[in-house]
Peer 1: 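Here it is, the structure, as structure tokens.
Counting convention: from 1, in listed order, for ligands and their atoms alike.
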Amino acid sequence: MKELNPHPDFLPQLTACFAQPAAENPTVAMVEAAYEHHGLHFRYITCEVSPENLEAAVNGAKAMGWAGFNCSLPHKVEIIKYLDELGESAQLIGAVNTVVKQGDKWIGENTDGKGFVQALKEIVNPVNKHVTLFGAGGAARAIAVELALAGASLITIVNRSKERAEKVVELLNKKTETKAVYHPWTNEYAVETTTDIVINATSIGLYPNINEQLPIDFNSIKTNMLVADCIPNPPKTHLIQTAMAKNCKTIDGLKMLVNQGVIGIKHWTGTDVEPAIIHSALKKALNIKD
Ligand code: NDP
């Protein structure tokens, strides 16, 4: 007969995601798979939290002594007023997607760009690189700040709306050592020949609009450029496929998302989890085939 554990522990540490809408958020699948694989006595739940209930939800997490939680849309900015401190990039970006309990304090971090830069550093050192970044929304802003903190020399922001792009350009030029410039997005935008790293941080190509293409001159993408796309589903976007056909090095959005999971779990549990476990859990959850 199997021996009973003399000291069972029925109290896992709790982590969660606060979002609205929450049902489409796949984070639970990747985080729970990692907890289970590594035998971590933690759980992760997805919570539908409206803006009016954010304060109550945060107070609940604090009252129950959770290890932390993710904040997705629409809470990434509003959450800041309920936290004690912010990490360096979260402060610059002005948005938080990961909250971590450290002692008595609740710290806000932003992993949106960290996941990308971690993937990038496995292939190329961003120091002194020229980056052409399509997009100026939340993901683009986070990636731009992390690239600046990682030492990129020049970031060219190409975006449809000028106003949004100029806010990111101003932030980088005022608060970091990196030079940033705005380029209007006219049809068939040609990537400058000095570019080392090309990144799509727009939502073009996201499921179900999988055939959507960036309005750029694809002949301007050269083999020596590293090409990245934030779109996690499908990971092989038109941009990534085009870059692969030109023998460019590539980073897809699934890899970025996996790294975000690894970084968040490290914050909450102190454990370095296997990216491969998260990767296959996400692929299964999103029904992504090779
Ligand atoms: P936002 O809504 O904040 O920004 C969207 C961006 O896409 C804006 O720059 C917008 O331009 C641009 N855009 C949208 N449609 C078009 C179009 N038809 N033509 C030109 N530009 C367009 O979204 P996020 O920044 O939060 O997210 C962007 C994408 O990144 C999403 O698809 C998301 O899934 C992905 N993402 C992936 C992550 C990962 O870990 N892999 C992490 C976070 C996000 P404009 O300003 O002109 O409206």
Side-chain angles (χ1 to χ4, degrees), residues 17 19-21 24-27 29-31 70-77 89-90 93-98 109-120 132-147 155-171 180 182-189 198-217 227-240 250-265 275 278-279 281-283 285-286 288:
C17 170
Q20 186 178 57
E24 65 198 34
N25 193 311
T27 313
M30 61 178 192
V31 177
N70 286 130
C71 265
S72 199
L73 294 176
H75 307 308
K76 290 185 178 188
V77 175
S89 59
I93 297 161
V96 162
N97 73 348
T98 304
E109 299 283 354
N110 194 313
T111 63
D112 273 339
K114 288 187 199 296
F116 171 75
V117 170
Q118 190 162 302
L120 181 69
T132 295
L133 178 60
F134 293 98
R141 193 178 168 90
I143 286 171
V145 165
E146 296 293 351
L147 282 170
I155 301 182
T156 302
I157 308 239
V158 184
N159 194 53
R160 195 176 49 179
S161 104
K162 183 177 177 199
E163 202 192 344
R164 225 169 169 194
E166 283 185 335
K167 280 190 189 145
V168 183
V169 167
E170 192 186 335
L171 167 73
Y182 167 64
H183 243 286
W185 198 339
T186 46
N187 248 348
E188 299 286 296
Y189 176 85
V198 179
I199 307 166
N200 173 36
T202 73
S203 40
I204 296 173
L206 184 66
Y207 181 87
N209 304 314
I210 60 173
N211 294 320
E212 252 186 332
Q213 299 180 11
L214 297 182
I216 65 175
D217 171 8
V227 177
D229 201 322
C230 291
I231 300 297
N233 186 21
K236 286 209 176 75
T237 56
H238 172 265
L239 177 65
I240 291 289
T250 59
I251 299 173
D252 67 38
L254 197 60
K255 174 112 190 178
M256 285 172 59
L257 202 53
V258 167
N259 284 351
Q260 289 207 51
V262 171
I263 295 166
I265 296 170
I278 295 187
H279 194 264
L282 254 182
K283 273 180 81 173
L286 296 173
I288 292 169

Peer 1: Supply the atom-to-atom distance L214 CG to T202 OG1, rounded to the nearest 0.5 angstrom.
Peer 2: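 The distance works out to 5.5 Å.
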Peer 1: Would you check if there is a donor-acceptor pair between the side chains of Q260 and N97 at a distance under 3.5 Å?
Peer 2: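 N97 vs Q260: donor-acceptor pair found between side chains.
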Peer 1: For a side chain to side chain contact (heavy atoms under 4.5 Å, CB included) with V227, tell me which candidate from I199, T237, L239 qualifies.
Peer 2: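 For V227, the side chain to side chain contact (heavy atoms under 4.5 Å, CB included) test succeeds with only one of I199, T237, L239, which is L239.
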Peer 1: The criterion is side-chain hydrogen bond (donor to acceptor under 3.5 Å, both in side chains); which residues satisfy it with N259, sequence neighbours excluded?
Peer 2: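 For N259 there are no side-chain hydrogen bond (donor to acceptor under 3.5 Å, both in side chains) partners, ignoring immediate neighbours.
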Peer 1: Please enumerate all residues that pass side-chain contact (heavy atoms from CB on, under 4.5 Å) together with A95, with sequence neighbours excluded.
Peer 2: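 With sequence neighbours excluded, A95 shows a side-chain contact (heavy atoms from CB on, under 4.5 Å) to K76, V77, I93, N110, given in chain and number order.
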Peer 1: According to salt bridge (charged side-chain N to carboxylate O under 4.0 Å, His left out), who are the partners of E146, at least two apart in sequence or on a separate chain?
Peer 2: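 E146 satisfies salt bridge (charged side-chain N to carboxylate O under 4.0 Å, His left out) with K114 only.
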Peer 1: Counting only heavy atoms and a distance below 4.0 Å, can you name the residues contacting ligand 1?
Peer 2: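 If the criterion is a heavy atom under 4.0 Å, then ligand 1 touches D112, G135, A136, G137, G138, A139, N159, R160, S161, R164, W185, A201, T202, S203, I204, L206, C230, I231, P232, G253, M256, L257, Q260.
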